[in-house]
Amino acid sequence: MGIEIGGEWTLAESCFDSTVLGKCEAVMSLGNGYLGLRSATEERYVNEKRGLFVAGTFNSFGGVAESEVCELPNAADFLEMGISLNGTDFSLTQGTIQAYSRKLNFATGELHRHVVWMSPDGQKYQLDFYRITSMRNLHTIAQKICITPLSADAEVQITTGINGQITNSGSQHFSEGAKRFYDKKYMQLVQTTTQTGIEFVITTTVSGLSNPHIAMDRRKIFSVFNTHISKNQKLIIEKITTVHTSRDKLSEGMSTAKLQSIALSNLQDQSSLGYDEIARLSAESWQKKVWDNIPVTIDSNNPRDQLSLRFAQYHLQVMAPFHDNRMNIGAKGLSGEGYKGHTFWDTEIFALPYYIFSQPKTARSLEEYRYLSLPGARDKAKENGCVGAQFPWESAWITDGEVTPLLGAADIVTGLPIPILTGKIEIHITCDVCYGVWQYYMATGDEDFMERYGYELVFETANFWASRLEEGEDGLLHINNVIGPDEYKDEIDDDAFTNYCAGWNLYLAMEYRDKLEKSNPELLADLEKYINYDLWQQKVEKVYVPKSREDGVIPQNKTYLSLKEIDLSKYKNQKRVGSIYNDFNHDQINEMQVCKQADVLLLMLLMEDAFTPQEKRANWDYYEPRTLHDSSLSLSTHSILANDMGDFSLAYSLFERACAIDMGENMHSSNDGIHAGSIGGIWQCAVLGFGGLRLVGDKIRLDPKLPEHWKRLEFYAWLQGQKFKIEITQNSIQIDNLTQSGTIELEILGNMFVVRNRLKIT
């Protein structure tokens, strides 16, 4: 049981287990950036979690209780198809499964499930289920079901439609709207979010069957079809569905009736194409956008390495709302209810580099989202007695501001719900947003973005830090009462990551102000209201940054190095993350030298030019044994750093573990959705780690170190507006400028090179 390699392009499940449905629903989820669809089966099961999520359509249930914040609503289900064969309901929990497979093809985005089933009364059937979400028409989902009776003729009854009774784990986010049948062929359901008033129009049609019995129920509309199939003859049913909402840019200000009409018209156009043509056009878009354009190719003796990168690129494509800059990436993409669809620092630090180097237009859209959400960030700073922009730890719609829940799981000792402090004091998100701007600008040179959005973001985040710093008795400026990246330590002072990044943010603001004074004084004048240059200069010189002690170790925070040490081997070898909570509560863990995830080490990766090789080694040796990787964001960072340290075996092992978070044997790891940041980390391990592509200081560097069983790594990178193909083997590097419109200066293996058309180094 588990997830398997089904081929060079295919993730597969070879047996059915109704107790662990969530894994494949998430890792085999379909999407196109506009919507995400969990891969629940057509027939219903007790442990399933159906899910249809449309990017940006947030709603709050109740809006009063502390634990209720906005989330992406789980919209109506149209995948369900009740199948009765000779009076017996098709279900894999009864009868005998004689053959079974479910496969997601990354190349085409198509999901295929194959079943040979013996019913309890001894009748044998073959059923094949196909499904895609269109990459060509973002509103379209298509299904095809093929049923073949193998023992005898079959009387078949099909029940299918649109079910609006779906909830978010019990929270109903929709009020019931219009239900319509058009020409006894097209079913349509309108539902409206209760708080935000967003209208969803879901329209569907079934072909291959005739003479439906039409029915409506509360929040449901469906048809019942009856037909006969002769033995060994195939019945082919197609179901085409479209999803539209009033939040779509083209639907803004549109009446409900007009939106219904557009949805119906789109469905009629799509259904006229049929499943095979919709699937062909979608696969063509996959090839054009990803697999013929920006693939990562690994020649390895372990085929799972290549499949892991295709898995990562597939999900990075389906989770990104490239169509709309008012939206960003949720921590679970669009594959589940986990973290309510909210955006975290995961985007800037773990996912954004992929888009910067592979799809810079999408990267710019994600960065524009942060600019559009500046009003909420300014409000949060003001609420906390600061100025400038303090970005929410969890973000949703651009006007929502902070949306982090206030209460979490029960304390193992007290039994009380644990307060969630991240929304109040995990403030490094503000410099993470600034870091995202810097990354994007460094790699692309997109001056238009900076003039419209970027400089203001950098200046306003610097203003926040200038106002948040507190003067200490030592005459230096400190940042007290925070949570750093290591969330096993809260309400701490002088977190190394936060302090270093805050100081860097101030320096960057000063640097960009000086740059504009020379290059664009008119823009500088326009931005003057956001600039406090003298204050930044005064503050930045006094920011306290923890210095390394004699052995080179930098204190993670003010008290970390004095905390109690325990034997962590039990938890380092754990099979399930967070097992330390079986023995200790959060307050106890807060007093131990243990890290949930990379903290000081992440700092040394993001700002590697600020530390000596000796400091990096000392801190690696100290913090790696104390890090449990209880966050999915941690393994990729440690993999990249292990490679830098020359511990190549450990680097590859950590890469494998990062890939296994979603693709591994733990059948409950992805129940709430895939791990978006970790999936970005898989790409980072390959390209930034083993491939050695980095943004360091003011230069772009390439310093590859391939695993010994990788013969070749090939990837594509957009750098300064030019597209490059980079091929690395164990003894050579070849860089081809595919744009051939200019040159770029790169540091390669410690030496500076100018790349014009092709550069090959042996």
Side-chain angles (χ1 to χ4, degrees), residues 3 11 21-40 48-59 69-75 104 133 166-169 171 173 311-321 327-352 354-355 366 369 392-397 400 403-405 408-409 420 422 487 577-578 597 630-636 658-664 666-683:
I3 303 299
L11 195 66
L21 298 175
K23 178 81 166 187
C24 287
E25 288 173 357
V27 301
M28 294 187 180
S29 61
L30 307 179
N32 53 27
Y34 171 75
L35 59 82
L37 190 65
R38 280 175 74 90
S39 289
E48 68 181 12
K49 187 58 184 176
R50 295 175 175 265
L52 167 65
F53 306 96
V54 180
T57 57
F58 292 97
N59 188 68
V69 296
C70 72
E71 62 184 329
L72 283 183
N74 195 349
L104 174 61
T133 57
I166 302 298
T167 68
N168 285 67
S169 300
S171 294
H173 283 282
F311 172 82
Q313 287 199 272
Y314 169 83
H315 278 288
L316 287 163
Q317 188 70 24
V318 304
M319 72 173 68
M327 303 167 188
N328 207 278
I329 297 171
K332 298 294 184 182
L334 293 168
S335 68
E337 295 179 12
Y339 295 113
K340 303 181 185 297
H342 296 169
T343 294
F344 293 71
W345 70 313
D346 306 33
T347 295
E348 275 76 16
I349 304 302
F350 299 96
L352 186 65
Y354 170 77
Y355 303 106
L366 296 172
Y369 167 87
W393 178 246
E394 297 185 30
S395 299
W397 187 243
D400 284 343
V403 293
T404 303
I420 298 175
T422 52
E487 292 171 349
V577 297
Q597 65 199 73
D630 282 345
S631 166
S632 64
L633 304 176
S634 186
L635 289 166
S636 58
C659 296
I661 290 172
D662 285 308
M663 287 181 62
N666 183 342
M667 294 303 289
H668 295 286
S669 67
S670 309
N671 285 353
D672 294 331
I674 53 87
H675 299 75
S678 172
I679 285 172
I682 293 172
W683 178 89

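None of these values were measured; they are calculated from a predicted model.
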Partners of Glu337 by salt bridge (Lys or Arg N to Asp or Glu O under 4.0 Å), sequence neighbours excluded?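 Applying salt bridge (Lys or Arg N to Asp or Glu O under 4.0 Å) to Glu337 gives Lys49.
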Can you tell me how far [atom2] of [Y] sits from [atom1] of [X], rounded to the nearest 0.5 angstrom?
X: Tyr314; Y: Leu11; atom1: OH; atom2: CG; result: 10.0 Å
X: Thr57; Y: His173; atom1: OG1; atom2: NE2; result: 10.0 Å
X: Ile420; Y: Glu394; atom1: CD1; atom2: CD; result: 7.5 Å
X: Tyr369; Y: Trp397; atom1: OH; atom2: CH2; result: 9.0 Å
X: Ile329; Y: Tyr355; atom1: CD1; atom2: OH; result: 3.5 Å

Return yes if some donor-acceptor pair links the side-chain N/O of [X] with the main-chain N/O of [Y] below 3.5 Å, else return no.
X: Ser39; Y: Met28; result: yes
X: Asn59; Y: Glu71; result: no
X: Asn168; Y: Pro73; result: no
X: Asp630; Y: Gly578; result: yes

Hey, are the side chains of Ile661 and Ile682 touching, using non-hydrogen atoms and a 4.5 Å cut-off?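 Of all side-chain heavy-atom pairs linking Ile682 with Ile661, none is under 4.5 Å.
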Heavy-atom side-chain proximity of His342 to Pro392 below 4.5 angstrom: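 Not in contact.
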Identify, with sequence neighbours excluded, every residue that meets side-chain hydrogen bond (donor to acceptor under 3.5 Å, both in side chains) alongside [X].
X: Asp400; result: none
X: Ser634; result: His629
X: Ser631; result: Gln597
X: Thr347; result: Asn328

How far apart are the closest heavy atoms of [X] and [Y], and which atoms are they?
X: Thr167; Y: Ser171; answer: CB-O, 3.5 Å
X: Ala40; Y: Arg50; answer: CB-CG, 3.7 Å
X: Gly338; Y: Lys332; answer: O-CG, 3.3 Å
X: Thr422; Y: Glu487; answer: CG2-OE2, 4.1 Å

Tell me, please, which residues at least two apart from Tyr354 pass ring-ring contact (aromatic ring centres under 6.0 Å, His included).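 Scan of Tyr354 (ring-ring contact (aromatic ring centres under 6.0 Å, His included), adjacent residues dropped) gives Trp683.
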With Phe350, which residues qualify under ring-ring contact (aromatic ring centres under 6.0 Å, His included), at least two apart?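 ring-ring contact (aromatic ring centres under 6.0 Å, His included) list for Phe350, sorted by chain: Trp345.
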Going by the rule side chain to side chain contact (heavy atoms under 4.5 Å, CB included), which residues pair with [X] if we only count those two or more places apart in sequence or in a different chain?
X: Asn666; result: His668, Ser669
X: Thr133; result: Leu30, Asn32, Leu35, Leu37, Ile141
X: Ile674; result: Ala26, Val27, His315, Met319, Ser335, Asp662, Ala676, Ile679
X: Ala331; result: Tyr339, Phe344, Asp346

